Amino acid sequence: MDLDIKRARRETRHCEEVVHFNNAGASLMPVPVSDRLHEYLREEERFGGYETAEREQEALEHFYDAGATLLHCETSEIAFMENATRAWEMAFYSFKFSPGDRILTSLAEYGSNVVAYNQQAKRYGVEVVFVPNDEYGQLDLRAMENLIDDRVKLISISHIPTGGGLINPAAAVGKIAKAAGIPFLLDACQSLGQLPVHVDEIGCDILCGTGRKYLRGPRATGLLYVRKDLIESLEPPLLDQHAAPLISPTEYRIRPDAKRFENWEQYFAGKAALGVAIDYALSYGLEAIQGRIDHLSGLLRSKLAQMEGVELTDEGVRQCGIVTFTAEQMSPSDIKRALAEAGINVSTSKGSGSLVSFSHRGLDEVVRASLHYYNTEEEIEYFLTTLRGLLSRASKKVR
Ligand SMILES: Cc1ncc(COP(=O)(O)O)c(C=O)c1O
């Protein structure tokens, strides 16, 4: 089904003033989300924070229903978190590892997650194993299968990396994990809001996501999903009296639902607005959103592929709205800066976030143009014309 672009543009207030191809960084919030956030904060200003939370009880609770609808799970399996990293960490650090235990991950893994693996490697002698890629640059499923043995205590991968268009074959990984009875943690930070994510179809036991990227929610919001039958076996690394109420001076009881991973003090305005952002994505439908993103990113990739000096750096059989490239005429940072002067927002990927993948591939930095459904073919045309001009001026200077 076609997505209503006119509605999407009309409900993205400033989309005519800027070409925003940085949706993998933080998307532009649509009107209902931004209005909800501002309205909530105005209520806090007027009535007080605690009083507003009471008045807004229903909206705050709605976040859990919206999250469960998005992921096709139960409300009690959802926690509100301040970002994807903290969501991921609260789950990851709940696992107890012993020397010789193995964690299987992929080369496209997000930098912060790799930091956490290495910290547990230092602390407990855990072995971190990067499953090699196949010839398409996605996680090699056969290699992963061959690595399964009694030592493997966790399979943990990023669905979509921060620095490229790859979509890792998460559902196939889920099958391998399930067959081996190994917990599967999925970092879906770049997937939520970009494509349908069905936790049972993927077969993941834990999943984290963020609000500000493809879900178009506010910054400093995120969510965590933990499968019902795993929750009670995971003791969070940090507990407060929301996660574990005190029941006597010496005893506490950890909540039986996913809220055990939360904090008592939260970004309430963000939580209400993230609920609206999820509803908003669902109102278009994730299949329609993915279809539109596929169309736009396919168009951009095919045109970039024809541009002299430009090399696309996206891997994978299936690709998403994150389009990455390098150009021999100009550095990614210079391209980003020059595009910004022409009213085009892109970002670059460099350093820690993509370090494992990039060092493996001999890449240092790439331009990341990340498209969303509200972007248009005209914006892509303007982007291409501007980039062509920049690169041609740069090559004349070199000559
Ligand atoms: C794959 C992936 N995981 C995790 C994160 C971290 O998300 P957050 O900043 O919400 O913690 C990012 C952010 O770019 C990401 O791309």
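Please read these numbers as outputs of a predicted model, since none were measured by experiment. Counting starts at 1 for both ligands and their atoms, in listed order.
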Does atom CZ of R7 have more than 12 heavy-atom neighbours from other groups under 6.0 Å away? yes
Tell me whether R318 at atom CZ has more than 12 heavy atoms from other residues, nucleotides or ligands lying less than 6.0 Å away. no
Show me a pair-per-line table, with atom names and distances to 0.1 Å, of protein N or O atoms that are under 3.5 Å from an N or O of ligand 1.
unit_1, atom_1, unit_2, atom_2, d
ligand 1, 3 (N), D187, OD1, 3.2
ligand 1, 3 (N), D187, OD2, 2.7
ligand 1, 9 (O), R212, NH1, 3.2
ligand 1, 9 (O), R212, NH2, 2.8
ligand 1, 10 (O), A84, N, 3.0
ligand 1, 10 (O), T210, OG1, 2.6
ligand 1, 10 (O), R212, NH1, 3.0
ligand 1, 11 (O), A84, N, 3.3
ligand 1, 11 (O), T85, N, 2.8
ligand 1, 11 (O), T85, OG1, 2.5
ligand 1, 14 (O), T162, OG1, 3.3
ligand 1, 14 (O), K213, NZ, 3.0
ligand 1, 16 (O), T162, OG1, 3.2
ligand 1, 16 (O), Q190, NE2, 3.0

Salt bridge (Lys or Arg N to Asp or Glu O under 4.0 Å) contacts touching residues 329-350 (sequence neighbours left out): D334-R337, K350-D364
Quick check on ring pair (Phe, Tyr, Trp, His ring centres under 6.0 Å): which of Y117, Y225, F95 does W88 satisfy it with? Y117
Test: K259 cationic atom under 6.0 Å from Y64 six-membered ring centre, within 45° of axis: yes
If you measure only the distance, is there a donor-acceptor pair under 3.5 Å linking the side chains of R216 and T12? yes
